[in-house]
Amino acid sequence: MSFLLSSCPLCEMNLPEISERIRAATGPLAIRAGGSKDWYGENVAGEVLDVSANRGIVSYEPGELVLTAKCGTPLAEIETLLDQHGQMLGFEPPRFGAASTLGGTLACGMSGPRRPYAGSARDFVLGMEIVDGEGRHLKFGGQVMKNVAGYDVSRLMVGALGTLGVLLTASLKVLPRPQAELTLQFECDEMDAIRLMNEWAGKPLPLSASAWLSGLLSMRLSGAQSSVSAAHRKLGGEVNPHGGEFWAGVRDHGAAFFRDGAPLWRLSLPSTAPPLDLPGRQLIAWGGAERWLKSEAAAADIRTRAAAHGGHATLYEGDRTNGVFHPLPEALLKYQLRLKQQFDPRGILNPGRMRP
Amino acid sequence: MIANETVRRLQAILPPHCLLLVREDLKPFETDGLTAYRNTPDAVALPETEEQVKQVLSACRETGTPVVFRGAGTGLSGGALPVDGAVLLAMTKFGRILEIDPLARTARVQPGVRNLAISEAAAQYGLYYAPDPSSQIACSIGGNVAENSGGVHCLKYGLTVHNVIALRVLTIEGEELVIGSGALDAPGYDLAALLTGSEGMLAVILEITVKLLPSPERTQVILAAFDDVGKGGAAVGAIIAGGILPAGLEMMDRLAIEAAEAFVHAGYPLDAEAILLVEVDGTQEEVSEDVMRVRDILLGSGATEVRTAKDEAEQKRFWAGRKAAFPAVGRLSPDYYCMDGTIPRKALPAVLKRIAELSAEYALPVANVFHAGDGNLHPLILYDANQPGATEKAERLGADILELCVEHGGTITGEHGVGLEKIDQMCAQFTPAELEAFHGVKACFDPDGLLNPGKAVPTLIRCAEYGAMHVKSGAMPFPELPRF
Ligand SMILES: Cc1cc2nc3c(=O)[nH]c(=O)nc-3n(C[C@H](O)[C@H](O)[C@H](O)COP(=O)(O)OP(=O)(O)OC[C@H]3O[C@@H](n4cnc5c(N)ncnc54)[C@H](O)[C@@H]3O)c2cc1C
C-alpha cells in the first residue's frame with residue numbers, strides 16, 4: 001500500500017521561494033510555521049520568514065514504516081493519517097496548539113512521554129531536506145532505515161531551532177501503534193517514585209510512559225493485550241480510566257500543574273538523580289530523566305543544581321533575562337559556533353534564538 | 001614517508017612498546033576487514049593513556065602529519081586503512097569498562113572495549129547492549145561509534161546512534177569535548193549525532209556511555225523457507241505491515257544457505273531459494289501471540305516451510321548459520337567482497353532480481369545475506385584476486401550494485417561506512433553542494449584536514465574524474481565541473 005498525497009498543490013512553489021528569500025535577505029530572518037512555539041527559546045529580532053505554506057504529506061508507506069512530509073504540515077494531519085493505518089509517531093511529540101507543525105517540532109527537538117522508552121524526535125529522523133543560510137537546497141539521509149553515507153546532518157538539524165537551516169522536508173520512521181494501553185497509579189513519595197521508575201525500566205516490562213506528581217506515580221503500559229495484562233498483574237496499582245487524557249495533559253502542558261503563573265523550568269537529568277532540593281512544585285517524567293519545575297527560585301540556583309546532577313535546565317516560561325538555555329562550556333561553544341558559521345555564514349537564520 | 005621529526009616527537013611521547021616503526025611489526029596493521037585494500041603504515045602509535053593520545057595529536061598537528069584512528073580493525077570500508085605518511089593511532093589499549101550503573105541502565109566504557117564484552121558484563125544485571133554487529137566478538141565500541149554500526153537487532157532497538165548517551169572526544173586542536181551526559185538530551189547542537197558515524201574524520205573518541213536494555217523475558221526464532229527470493233522479500237513487508245516489529249528479520253539466499261549449512265550445520269533447508277529468520281522477543285504472552293501471527297503471515301506469503309525453534313539450542317543453531325555467513329561464504333571462494341547498500345523494503349524483490357542479472361553479466365557469483373527488516377543488503381561478491389583483473393571486476397560489479405540501490409531510493413552504505421571503498425559512489429548519492437557541506441562540517445573540527453584524509457567524503461575533483469569514467473544513461477554527473 002502506498003500513498004502519494006499532497007494537500008497543497010502549490011507547495012512545490014515554496015522551495016524556490018524559500019531559497020530566494022534567504023538568498024535575497026539582507027538582515028536576520030525569523031523562521032516561523034505554526035507559531036505554536038514562539039515562546040520557546042530566545043527572542044529573534046528579524047523579518048518573519050513564514051514557511052507554513054510548505055505543507056503536505058509527500059509519501060507514506062505503512063509497510064515501510066516511513067513517512068515523508070513537508071515541514072509545515074500540521075502534526076495533527078500526520079498523526080490522523082498514521083492512526084488510520086494503525087501507526088504512530090514513536091516520540092509522541094507535544095502539541096502546543098493545533099497549529100504545531102512537523103518542522104517546528106523537529107527544530108525544537110521536542111519529544112513526549114514515550115521518549116525514554118521508544119526514542120526521541122531525532123532518533124526517528126531518517127532524512128531531511130533543508131535550505132541553508134546561503135539558500136542552498138541540500139538533502140541528507142533518506143527514506144531508508146539505515147544510512148551512514150556522509151555525516152548525519154539531518155539529525156544535527158533536530159533541536160537546532162532553525163539556526164542551521166530551514167527544514168523543508170523530513171522522512172521519519174514510524175511505529176505500529178500498540179494493541180493495548182493501560183495507565184496504572186501508585187501512591188508513593190518522590191524518592192520511591194524515582195527508584196521505582198528506574199527499577200521497572202530495568203525489567204522486561206512493556207512500559208511506555210511514567211510520571212510522578214503530588215504523591216502519585218503513573219505508569220503507562222503499551223503492547224499486546226496479553227502482555228499489558230500480565231504486567232498489570234505483576235505491578236498491581238490502580239487503573240486510571242482516563243489515562244489518555246492524563247498523558248495528553250503531561251505531553252501538551254494542558255494539565256493543571258502547568259497552569260499557574262509561576263515560571264516553568266525543564267530540568268533534563270540522569271534518570272536516577274535524587275529529589276532536587278529546590279523550592280516549588282515538580283512533575284517528574286521520562287522515568288526520572290525529566291523534571292518539570294514550577295519555581296520562583298533564581299535561574300542561577302536552578303542551573304547550578306541541574307549541572308551538579310549531571311544535567312541541564314531550560315526555561316520554558318518566565319523572565320528570560322538570565323537566558324533560556326543552559327550555557328555551554330567554552331570548548332563546546334567554539335565548535336558549535338563554527339558549525340553555525342558553516343551552515344549560515346551571514347548569520348541570518350534565527351540569529352540568537354539558541355543563545356543570548 | 002613520515003617525517004623524521006614526527007618520529008622523534010612520537011618517540012619522546014610514547015614508551016618503546018607503544019610505538020611500532022619496523023616493518024614486521026607494522027605489517028599486521030596494513031589492512032582492516034576490507035582486505036582487498038592494503039597499505040603498510042609508516043608508524044603505529046598504541047598509546048596507553050589519554051595524555052599520550054593528546055600529545056600524539058598535538059605532535060601530529062604541529063608537524064602537519066595526518067592521523068588515522070584504528071579500533072579493532074574489523075571495518076569493512078577501509079576506514080582504518082593506513083594513509084601514506086600518516087600515524088596510525090590504535091585505541092586498542094583503552095579496553096576498560098569503567099562503570100556499569102544497573103539502576104540507570106548505562107555503561108561507561110573506553111573505546112577499545114569489544115562490543116560483546118559490554119553485554120557480557122551487563123548480563124549479571126539482566127541488561128544488555130542492543131546493537132550487535134556480526135563482528136561483535138572482535139569489533140570495538142569506539143569503532144562502532146565511528147561507523148554508527150548496526151546489527152541483527154537494529155530494526156527494533158536502533159543503531160549505535162540510538163544507543164549512545166554520551167561521548168568524550170578529543171579534537172586535533174587538543175580540545176576535549178564532553179558531549180551529552182547521563183541525561184537524555186543536552187543543550188546546543190546535537191554533536192553526538194554528528195560524531196556518531198563520522199568515521200574518524202572529526203575527532204578521536206575517548207569514552208562512551210551507552211544505554212543498556214533489560215534482556216527480554218523470552219525470545220523465539222522462526223525459520224521460513226521460500227521457493228523464490230521475491231516471495232521472501234514480500235513476506236518481510238507483510239510482517240511489518242502486520243504491525244509486528246521483530247527483534248531480528250534476516251534473509252539468506254540459496255548460495256548463502258548452502259555455504260552456511262556446509263560450515264556450521266544449522267539445519268537450514270537446502271532446497272530453498274531463500275530463508276527468512278524472524279526473531280520475536282518480549283514478554284511470554286506477547287511472544288506467544290507474535291509467533292502465531294508471524295507463522296500465519298509467512299504461510300500466507302507462500303512460505304514452503306515454517307519452523308519454530310524447539311528450544312534454545314535450536315535457536316542458537318538458526319542464528320549460528322546467519323552469524324557465520326560471511327566466513328562460510330568465504331570458504332566457497334578465495335576472496336569475497338561484501339557490499340552494504342540499503343533500499344526501501346518494497347524494492348527488495350526488484351533489486352534482488354537485478355543483482356542476479358548483474359551477477360550473470362559479470363560472471364561472478366553473488367551470495368545474499370542481509371538485514372531484510374531494515375532493507376540493508378549485504379551482497380557478497382565471490383572472486384579470485386589472483387586472477388588478473390578479477391579484483392577490478394568485482395569492484396565494478398559492487399559499484400553497479402550500490403548505484404542500483406541509490407536508483408531505488410536507497411543508500412550506498414547502511415552500516416559499514418564509506419571509508420575509502422565507497423568514496424566514488426558518494427558522488428552518485430550527493431550533489432556538489434551537499435559534498436561541500438560535508439567538507440564544511442569536517443573543517444569545523446579539523447581545519448587542516450589531518451584526520452583520515454582522503455576518506456568518507458570525496459573531493460569535487462575526484463567526483464568529476466569518476467563522473468568522466470561513468471557516464472550513466474547519457475547524463476554526465478557534475479557537468480559544471482571541469483574535466484581532465
Ligand atoms: C565478519 C564481519 C562482520 C561484520 N558485521 C557487521 C554488522 O553486522 N554490522 C555492522 O555495522 N558492521 C559489521 N562489520 C563491520 C565492522 O565490524 C564495524 O564497522 C565495526 O564497528 C568496526 O569496529 P572496529 O573497532 O573494528 O573499527 P576499525 O575497523 O578499527 O575502524 C573503523 C573506523 O572507525 C574509526 N575509529 C576507530 N576507533 C576510533 C576512535 N576511538 N575514535 C575515532 N575513530 C575511531 C577508524 O578511523 C575507522 O574509520 C563486520 C565486519 C566483519 C569483519
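Numbers restart at 1 for each chain; the letters A, B, ... are given by sequence-line order, proteins then strands. The model shown is predicted, which means the values in this text are computed figures rather than measured ones.
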For chain A, find which of B:T171, B:D340, B:V287 contributes the most heavy-atom pairs closer than 4.5 angstrom.
B:T171
When the 4.5 angstrom heavy-atom criterion is applied to A:R177 and chain B, the contacting part is neither
Can you name the closest pair of heavy atoms from A:A149 and B:V418 and give their distance?
CA-CG2, 4.0 Å
Identify which of A:L269, A:V153, A:N147, A:L65 forms the greatest number of heavy-atom pairs closer than 4.5 Å to chain B.
A:N147
Can you tell which part of A:E134 gets under 4.5 Å to a heavy atom of chain B, answering side chain, backbone, both or neither?
neither
Sort B:I179 into side chain, backbone, both or neither according to what part of it lies under 4.5 angstrom from a heavy atom of chain A.
side chain
Taking side chain as everything from C-beta outward and backbone as N, CA, C, O, which of these in A:A160 sits under 4.5 Å from a heavy atom of chain B? Side chain, backbone, both or neither.
both
May I ask you to test the B:L245-A:L175 pair for a side-chain heavy-atom distance under 4.5 Å?
yes
Checking heavy atoms, do the side chain of B:V161, its backbone, both or neither come under 4.5 Å from chain A?
both
Honestly, the part of A:Q342 sitting under 4.5 Å from a heavy atom of chain B is side chain
Counting heavy-atom pairs under 4.5 Å with chain B, the top scorer among A:T272, A:V158, A:D132, A:N198 is A:N198
Going by heavy atoms in the side chains, are B:L184 and A:P116 under 4.5 Å from each other?
yes
Can you establish whether the number of heavy atoms outside B:Q124 located under 6.0 Å from its atom CD is more than 12?
yes
Taking A:S227's backbone N and O only, do any of them form a donor-acceptor pair with B:E286's side chain (distance below 3.5 Å, no angle check)?
no
Among B:G237, B:G409, B:G197, B:A104, residue most engaged with chain A (heavy-atom pairs, under 4.5 Å)
B:A104
Can you list every pair that meets salt bridge (Lys or Arg N to Asp or Glu O under 4.0 Å) and has a residue in residues 188-199 of chain B, with sequence neighbours left out?
A:R122-B:D190
Need one label for A:L267: side chain, backbone, both or neither, based on atoms under 4.5 Å from any heavy atom in chain B.
neither
Contact part of A:P327 toward chain B, heavy-atom cut-off under 4.5 Å: side chain, backbone, both or neither?
neither
Where do B:P214 and A:G202 come nearest, in terms of heavy atoms and distance?
CB-O, 3.2 Å
Using non-hydrogen atoms only, which part of A:L328 is less than 4.5 Å away from chain B: side chain, backbone, both, or neither?
side chain
Does B:E147 pair with A:K146 as a salt bridge, N-O distance under 4.0 Å?
no
Under 4.5 Å from any heavy atom of chain A, what part of B:A456 do you find: side chain, backbone, both or neither?
neither
Whatever's closer than 4.5 Å to a heavy atom in chain A on B:L103 counts as both
Output the option from A:K340, A:K173, A:Q336 having the highest count of non-hydrogen pairs under 4.5 Å with chain B.
A:Q336
Measuring heavy-atom distances to chain B, does A:S226 have an atom under 4.5 Å in its side chain, in its backbone, in both, or in neither?
both
Exercise: do A:Y151 and B:S198 side chains pair donor with acceptor under 3.5 Å
no
Using side chain to side chain contact (heavy atoms under 4.5 Å, CB included), reason through A:M145 and B:H371 one step at a time and then give a plain yes or no.
CA-CA 11 Å; A:M145 291 294 146; B:H371 311 300; over 6 Å; no
By a 4.5 Å heavy-atom criterion (distance strictly below it), what part of A:P270 contacts chain B: side chain, backbone, both, or neither?
both
Report which part of B:L127 has an atom under 4.5 Å of a heavy atom belonging to chain A: side chain, backbone, both, or neither.
side chain
Okay, B:I343 and chain A: the region with an atom under 4.5 Å from a heavy atom over there is backbone
When A:R195, A:H312, A:R155 are compared by non-hydrogen pairs under 4.5 Å with chain B, the top option:
A:H312
Highest number of heavy-atom pairs under 4.5 Å with chain A among B:D290, B:L202, B:I239 belongs to B:L202
Does the pair B:E175/A:K334 count as a salt bridge with the N-to-O cut at 4.0 Å?
yes
For B:K422, is it the side chain, the backbone, both or neither that has a heavy atom under 4.5 Å from a heavy atom of chain A?
neither
Quick one: OH on B:Y189 to CG on A:L164, what's the gap to the nearest 0.5 Å?
4.0 Å
Side-chain donor or acceptor of B:E415 paired with backbone N/O of A:V148 under 3.5 Å
no
Hey, are A:R266 and B:D185 close enough for a salt bridge, meaning a charged N less than 4.0 Å from a carboxylate O?
yes
Side chain, backbone, both or neither of B:V236 within contact of chain A (heavy atoms, under 4.5 Å):
neither
Taking side chain as everything from C-beta outward and backbone as N, CA, C, O, which of these in B:S77 sits under 4.5 Å from a heavy atom of chain A? Side chain, backbone, both or neither.
neither
So, using ring-ring contact (aromatic ring centres under 6.0 Å, His included) as the criterion, who are the partners of A:F140 when residues are at least two apart?
B:F438
Charged N-O contact under 4.0 Å between B:E434 and A:K139
no
Checking B:R345 side chain against A:E64 main chain: does a donor-acceptor pair fall under 3.5 Å?
yes
Kindly give the heavy-atom pair with the smallest separation between B:M426 and A:G150, and that separation in Å.
CE-N, 3.7 Å
Heavy-atom distances under 4.5 Å only: say whether B:H416 touches chain A with side chain, backbone, both or neither.
backbone
Do A:Q341 and B:C444 have side chains that approach each other closer than 4.5 Å (heavy atoms only, starting at C-beta)?
no
Exam field: side chain A:H326 to backbone B:P187, donor-acceptor pair closer than 3.5 Å:
no
Are side-chain heavy atoms of B:R105 and A:S271 found at a separation under 4.5 Å?
yes
CG/B:L191 to OH/A:Y335 distance, rounded to the nearest 0.5 angstrom?
10.5 Å
Highest number of heavy-atom pairs under 4.5 Å with chain A among B:D374, B:V441, B:I240 belongs to B:D374
Over all atoms of both residues, closest heavy-atom pair of A:P204 and B:T283
O-CG2, 3.8 Å
Judged by atom type as modelled, is there a donor-acceptor pair below 3.5 Å linking the side chain of B:S181 to the main-chain atoms of A:G310?
yes
Non-hydrogen atoms of chain A under 4.5 Å away: do they reach the side chain of B:P458, the backbone, both or neither?
neither
Looking at chain B, which one of A:V228, A:V66, A:L138 has the largest number of heavy-atom pairs inside 4.5 Å, strictly under?
A:L138
For B:P344 against A:V144, the heavy-atom pair lying closest together
N-CG1, 3.4 Å
Does the distance from a Lys or Arg side-chain N to an Asp or Glu carboxylate O, for A:R136 and B:E436, drop under 4.0 Å?
yes
Give, as side chain, backbone, both or neither, the part of B:A192 having an atom under 4.5 angstrom from any heavy atom of chain A.
both
What part of A:A201 gets within 4.5 angstrom of chain B, counting heavy atoms only: side chain, backbone, both, or neither?
both
Please classify the contact of B:N376 with chain A as side chain, backbone, both or neither, using a heavy-atom distance under 4.5 Å.
side chain
Heavy-atom pairs under 4.5 Å with chain B: which of A:Q87, A:M157, A:Q143, A:K203 has the most?
A:K203
